Amino acid sequence: MPRSESILLVDGDHVVRQRCRELLESAGYMVFESPGATHARMFLRTITPAAVVLESELPDGPGGEALRFVKSELAMRQLPVVLMSASAEAPDAVDLAAGVLHKPFSPEQLVAAVRSVCGVPPAPSPATPA
């Protein structure tokens, strides 16, 4: 995968952002971080990443509002967004998301979700001995 595949990671929890960043960088992505919806909107006005990984509950408002912002902008309408949610219920604006990750999720689930929305085929499974 080309190193130019960039991801905007939006989560109010610094520890979650740091861990997700490490996982996505180890999978070959360039990761930009945002602590909230306001910062993410400002970022997206200047740079369009390959995808956005967005927490459904941010310190400055619902992630669903940020997702609706992305989908309302003509230049970003096709931008895939993966929603992360700690709630057992469907997150707000889930119908606009390309995918949903329910916390806690495994490192493999995070990378697979991002690869999927970026159009990268899943990594092959190890061969099973006969």
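Bear in mind that the values here come from a model prediction, so they are computed numbers and not experimental data.
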For Gln18 and Arg21: C-alpha separation, side-chain torsions, deciding distance, then whether side chain to side chain contact (heavy atoms under 4.5 Å, CB included) applies.
CA-CA 5 Å; Gln18 181 179 356; Arg21 177 189 192 111; 5.7 Å; no
Let me see the working for Phe32 and Leu9 under side chain to side chain contact (heavy atoms under 4.5 Å, CB included), right down to the final yes or no.
CA-CA 6 Å; Phe32 297 100; Leu9 176 61; over 6 Å; no
Test salt bridge (Lys or Arg N to Asp or Glu O under 4.0 Å) applied to Glu22 and Arg19, step by step:
CA-CA 5 Å; Glu22 291 168 357; Arg19 182 66 182 133; 3.5 Å; yes
Give the intermediate values and the outcome of side chain to side chain contact (heavy atoms under 4.5 Å, CB included) for residues Val82 and Val52.
CA-CA 6 Å; Val82 175; Val52 177; over 6 Å; no
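At least one donor-acceptor pair closer than 3.5 Å links the side chain of Lys71 to the backbone N or O of Leu79. For the pair Ser34 (side chain) and Ala40 (backbone), a donor-acceptor distance under 3.5 Å is present. Glu73 places no side-chain N or O within donor-acceptor distance of the main-chain N or O of Ala75, the cut-off being under 3.5 Å. No donor-acceptor pair closer than 3.5 Å links the side chain of Ser85 to the backbone N or O of Pro91. Using a distance-only test at 3.5 Å, with no hydrogens or angles considered, a donor-acceptor pair links the side chain of Asp60 to the main chain of Thr38.
Side chains of Ile7 and Val114 form a contact here, defined as non-hydrogen atoms less than 4.5 Å apart. Counting heavy atoms from C-beta on, the side chains of Val31 and Glu5 never come closer than 4.5 Å. In this structure, Pro35 and Arg17 have side chains that are in contact, with non-hydrogen atoms separated by less than 4.5 Å. In this structure, Val10 and Val53 have side chains that are not in contact, with every pair of non-hydrogen atoms separated by 4.5 Å or more. A heavy-atom distance below 4.5 Å is not found between the side chains of Ser6 and Thr48. Side-chain contact between Cys118 and Arg115: absent, with no pair of heavy atoms (C-beta onward) separated by less than 4.5 Å. Under the 4.5 Å side-chain criterion, counting only non-hydrogen atoms from C-beta, Leu54 is not in contact with Met84. Proximity of Leu110 to Cys20: side-chain heavy atoms (C-beta onward) are separated by under 4.5 Å at one or more points.
Residues Asp11 and Lys103 are paired through a salt bridge, judged by an N-O separation under 4.0 Å between the basic side chain and the carboxylate.
Here the CD atom belonging to Glu57 is positioned 13.5 Å from the CG atom belonging to Asp13, to the nearest 0.5 angstrom. Once rounded to the nearest 0.5 Å, the distance linking CG of Leu58 with CD of Glu65 reads 9.5 Å. We find the CG-CZ distance between Leu96 and Arg77 to be 11.0 Å, quoted to the nearest 0.5 Å. Interatomic distance, CG of Leu23 versus CZ of Phe105, reported as 8.0 Å (0.5 Å rounding).
Closest heavy-atom contact between Arg68 and Ala93: NH1-CB, 3.0 Å. For the residue pair Ala51 and Val117, the shortest heavy atom distance occurs at CB-CG2, 3.9 Å. Here the closest heavy-atom approach between residue Ala27 and residue Val111 is recorded as CB-CG1, 3.8 Å. Across Leu67 and Ala97, no two heavy atoms sit closer than the pair CD2-N, 3.9 Å.
Phe69 and Ile47 fall within the same hydrophobic cluster, where Ile, Leu, Val, Met, Phe, Trp and Tyr residues are linked whenever their side-chain heavy atoms come under 4.5 Å apart, directly or through other members. Leu101 and Val16 are not part of a single hydrophobic cluster, where members link through side-chain heavy atoms under 4.5 Å apart.
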